[in-house]
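Chain letters run A, B, ... following the sequence lines, proteins first, then strands; residues in each count from 1.
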Amino acid sequence: MDRVPILKIGDVLLVSIQGDLDDQSVLTLQEDLAERVVATGAVGVIIDITAVEIVDSFVGRMLSTIAGMSRMLDAETIVVGMRPAVAITLVELGLSLGGLRTALDLEKGIALLGRTASAPLDDLSAVGQ
Amino acid sequence: MTVQESSSRRRIEDLMRENEDRLVDRWVEISNAPLRGRVVDSDVRRELRDLLRALLRSSESPDGGADLRGLLADLSRTRARQGFTPGETALAVFTLKEAVYELVEADGGEEVLHGYISLSRTIDELGLYTFEAYTAAREKIIADQTEQLLELSTPVVKLWDGIVAVPLVGTLDSARTQVVMEKLLQTLVDTGSEYAVIDITGVPAVDTQVAQHLLKTVMAARLMGAHCIISGIRPQIAHTIVTLGIEFGDIVTKATLADALAFALRQSGVEVVNRRRTRVSVRAEEA
């Protein structure tokens with residue numbers, strides 16, 4: 001796999017990782033995502049890792065890096081669909097991914113973003129009018 | 001085995017073959033005496049007759065010993081399952097000596113006496129073999145039970161839509177925590193529940209290791225996007241945790257399962273209303 005597609009739904013960017021990532025595509029994804037956040041002015045990034053079965057510390061750190069990067073650009077990152085085996089591996093590796101928000105599936109992730117992000121946005125649009 | 005030994009051994013075996021029925025009767029009688037009616041005579045008679053025939057066969061053919069050992073292992077296994085002590089099990093074999101000795105005494109010949117010594121040595125070996133088979137059978141029973149216990153002791157129950165609970169009972173070790181963790185996380189995925197309550201009312205003691213296991217489970221559930229609540233912390237356990245200096249951080253802990261359920265319901269936006277009060281007021285109006 002060379003490039004991970006980044007989809008835009010409203011104010012949210014959706015990254016769905018299909019299959020296991022190698023180190024190069026992880027780095028490419030980080031750069032692409034930062035560019036897209038700036039270009040679209042997204043308020044949220046959802047990373048769907050339902051299809052990821054194997055993680056190492058590098059992928060674990062990627063999630064933290066993306067979360068930190070997006071926060072700098074004023075977008076919130078939510079990781080959704082983590083498998084039990086992946087969660088256990090990350091805990092055993094000692095990566096608690098502090099500051100990263102998670103949800104069970106994509107639907108709950110979008111709902112979580114909606115709860116936190118939509119309220120201030122509505123206020124802003126009201127000010128604009 | 002010298003020539004003389006083998007001939008005297010053959011002599012006593014012939015004697016046993018000739019008096020088989022009498023020998024089995026006496027053997028059953030002697031071996032059942034200390035068991036005080038915990039066994040059925042006819043079953044024991046069949047078992048012991050098979051054993052005796054296998055023993056007599058074993059000296060004729062080179063691979064006859066395998067048959068005998070198989071029968072002995074069966075006997076030990078069934079007795080281990082029925083709850084007999086290893087001593088009682090081995091006694092079933094050793095009592096053969098007494099029964100044979102009565103035959104030897106009646107015969108009175110010196111050659112038979114020599115054969116008896118040789119036979120006695122064989123019976124000792126067989127008795128020790130029952131001990132080993134008995135121990136192996138018992139160990140297998142214990143291993144099976146441990147496995148069953150592991151499966152039984154980790155149920156994940158659904159308390160409400162989106163709220164599951166794991167009532168933990170018994171001491172937590174690494175193996176059990178692993179099973180609990182995997183089962184809980186899998187249930188979270190399967191049911192799409194956002195709240196998990198880990199109830200430790202049945203955990204007798206919490207030390208740093210158990211706390212570490214709990215924290216790991218909570219962290220893993222959090223990574224998947226679920227909220228974990230630990231409930232059922234008894235006063236002594238709260239005291240131990242604080243004394244040991246274990247930090248539960250921002251993990252929600254509650255005293256009882258009911259408190260945890262109420263908290264999870266509130267967090268997920270469910271309102272619980274007490275209806276009994278209205279019924280009381282209706283009755284008051286009727287009166």
Review point. Which residues, numbered in order, of residues 80-89 of chain B come under 4.5 angstrom of chain A by heavy-atom distance?
Key: none
Point to revise | Nearest-0.5 Å distance that lies between atom CG in B:L223 and atom CG in A:L100 | key: 8.0 Å
Check your understanding: Non-hydrogen atoms of chain A under 4.5 Å away: do they reach the side chain of B:T217, the backbone, both or neither?
Key -> neither
Revision key, fill the gap. So the salt bridge (Lys or Arg N to Asp or Glu O under 4.0 Å) pairs with at least one residue in residues 65-74 of chain A (sequence neighbours excluded) are none
Check your understanding: What residues of residues 240-269 of chain B sit under 4.5 Å from chain A when only non-hydrogen atoms are counted?
Key -> none
Check your understanding: Does some side-chain heavy atom of A:T102 sit less than 4.5 Å from a side-chain heavy atom of B:M224?
Key -> no
Study note, to complete from the structure: Turns out that what part of A:L95 lies under 4.5 Å from chain B's heavy atoms comes down to backbone
**Study point:** Full working for side chain to side chain contact (heavy atoms under 4.5 Å, CB included) between A:I88 and B:E182
**Key:** CA-CA 8 Å; A:I88 292 173; B:E182 277 168 18; 3.6 Å; yes
Practice item. Count the heavy atoms of every other residue, nucleotide or ligand shown that sit under 6.0 Å from CD of A:E107, and state whether that count exceeds 12. Key: no
Practice item. First locate atom CG of A:L90, then atom CE of B:M219, and finally report the distance between them rounded to the nearest 0.5 Å. Key: 12.5 Å
Would you give me the side-chain donor-acceptor pairs under 3.5 Å for residues 206-215 of chain B, sequence neighbours excluded?
residue	atom	partner	partner atom	Å
B:D207	OD1	B:Q209	N	3.3
B:D207	OD1	B:V210	N	2.9
B:H213	NE2	B:S174	OG	3.4

Study note, to complete from the structure: Answer key: most heavy-atom pairs under 4.5 Å with chain B among A:V91, A:I49, A:L104 is A:L104
**Study point:** N/O donor-acceptor pair under 3.5 Å between A:K108 side chain and B:G225 backbone
**Key:** no
Study note, to complete from the structure: From the list A:A103, A:G81, A:P84, A:A87, the residue making the most non-hydrogen contacts under 4.5 Å with chain B is A:P84
Point to revise | Contact class of A:E92 relative to chain B, heavy atoms under 4.5 angstrom | key: side chain
**Study point:** Interatomic spacing from CZ in B:R222 to CE in A:M82 - rounded to 0.5 Å
**Key:** 13.5 Å
